[in-house]
Amino acid sequence: MTENSAPGPNTAAAENPLSGENPEPEVRIERHGHLGRIILNRPRAINALTANMVGLIRGVLDEWEHDDGVATVLLSGAGERGLCAGGDIVAIYRDAGNGGAESARFWADEYELNARISSYPKPYVAFMDGIVLGGGVGVSAHGRHRVVTERTKLGMPETGIGFVPDVGGTHLLSRAPGELGTHAAMTAGTMTGADAMLLGLADTYVDSSRLADLTAALAVKPAGEALRDFAQEAPEAPLAAARHWIDECYAHDDVETIIDALLRSGDKDANSAAAAVQAKSPTALKVTLQSLRRARELPDLESVLVQEYRVSLHALAAPDFAEGVRAQVIDKDRNPRWQPATLPEVRRSDVDAYFDPVRGQADLFTTSQEQR
């Protein structure tokens, strides 16, 4: 998820063209040579994901898996602003007030799509150009080939709205070198394309001016060959120079000790990181850190997604998510009133409860199938 005020998850794939509302489909499906293209097509919302879009992507992936005419799949975003700004948190915020049933279905479908992308048998290429946040990471960073550019701004901003990294984000970040993933999750900051490669969220760097030519090459060449032809040396990752204090300060298993270590560090960037962390929801911070530590011990992406689904449903029912969306997106006063307001007030038992099964709700990989 991320901060976005796009239309809700039940938006149709294409509105009635006579109505003048939105004649464009939310996802454009194209074929070029042996390349199947999936183009997220809500540029005014930075291609924020809806439930309909998730279903369309899943459907075409299922179709193309058995189509011998499609050798490679390419995911990209329409417009100049980015691949995808995540999910529609305003729709989820409103649904939470009605019991959260639509959000539960949306997340089940979305997380299952993330797992599907990770195990897709054909080369799945994602152009992670421009803004790639939250759910945008979920539909790209689990692919076989992840392409970043000089314009990439990637992040998991969930703690800033009282939520916890999802869409397999805790799987990816918990496996990043050292404590880079912990830093990214707790500060909710954005990173460059080179940083994304350093963390293992991307593997190919291409200048944005060459993406059109790369697309044309993917239509006629095997994916690996085309990507090798266009790959460039990435610039130095800004986070690389911060590894010494990041790995030291975030190595602890409680948030208070991490913040204390950041404040005691002699590095001004560490002090800035402490300020960024302290502004986030205390509950979200503690649940996020616990999620990352538990994800490290889980065997695969699917098991992490099961954990994330439980955590997301619990977070939906907690006060900080609604308050975070209100402060950042609805009223935009940027002054959330977290409950509890301080880290010491967040009890360990409250954190542990986020990882318990949700009463009356089946676990991931059963829910969506039962509801279809």
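Here the structure is a predicted model, which means the values were calculated and not measured.
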Colleague: Would you kindly check if the NZ (Lys) or CZ (Arg) of R294 is within the cone defined by 45 degrees around the ring axis of F355 and under 6.0 Å from the six-membered ring centre?
Modeller: yes

Colleague: Do D363 and R310 meet the salt-bridge criterion of a basic N to acidic O distance under 4.0 Å?
Modeller: yes

Colleague: Is there a donor-acceptor contact under 3.5 Å linking the side chains of T257 and D254?
Modeller: yes

Colleague: Please state whether the rings of W107 and Y111 are parallel, tilted or perpendicular, taking 30° and 60° as the class boundaries.
Modeller: parallel

Colleague: Is there a donor in the side chain of D352 and an acceptor in the side chain of S349, or the other way round, less than 3.5 Å apart?
Modeller: no

Colleague: Can you pull the salt bridge (Lys or Arg N to Asp or Glu O under 4.0 Å) pairs that have at least one residue in residues 210-226, sequence neighbours excluded?
Modeller: K221-D229

Colleague: Testing the 3.5 Å rule here: is there a donor-acceptor pair between the side chains of D267 and S265?
Modeller: no

Colleague: May I ask you to check whether E158 and T288 show a side-chain donor-acceptor distance below 3.5 Å?
Modeller: no

Colleague: Who passes side chain to side chain donor-acceptor pair (under 3.5 Å) against E179, sequence neighbours left out?
Modeller: T182, R293, R296

Colleague: Let me know which of V346, L289, D260 forms a side chain to side chain contact (heavy atoms under 4.5 Å, CB included) with V255.
Modeller: L289

Colleague: Going by ring-ring contact (aromatic ring centres under 6.0 Å, His included), name the pairs with one or both residues in residues 214-270, residues two or more places apart or in two chains.
Modeller: H183-W245, H183-Y250

Colleague: Between R58 and E63, does any NZ, NE, NH1 or NH2 come within less than 4.0 Å of an OD or OE carboxylate oxygen?
Modeller: no

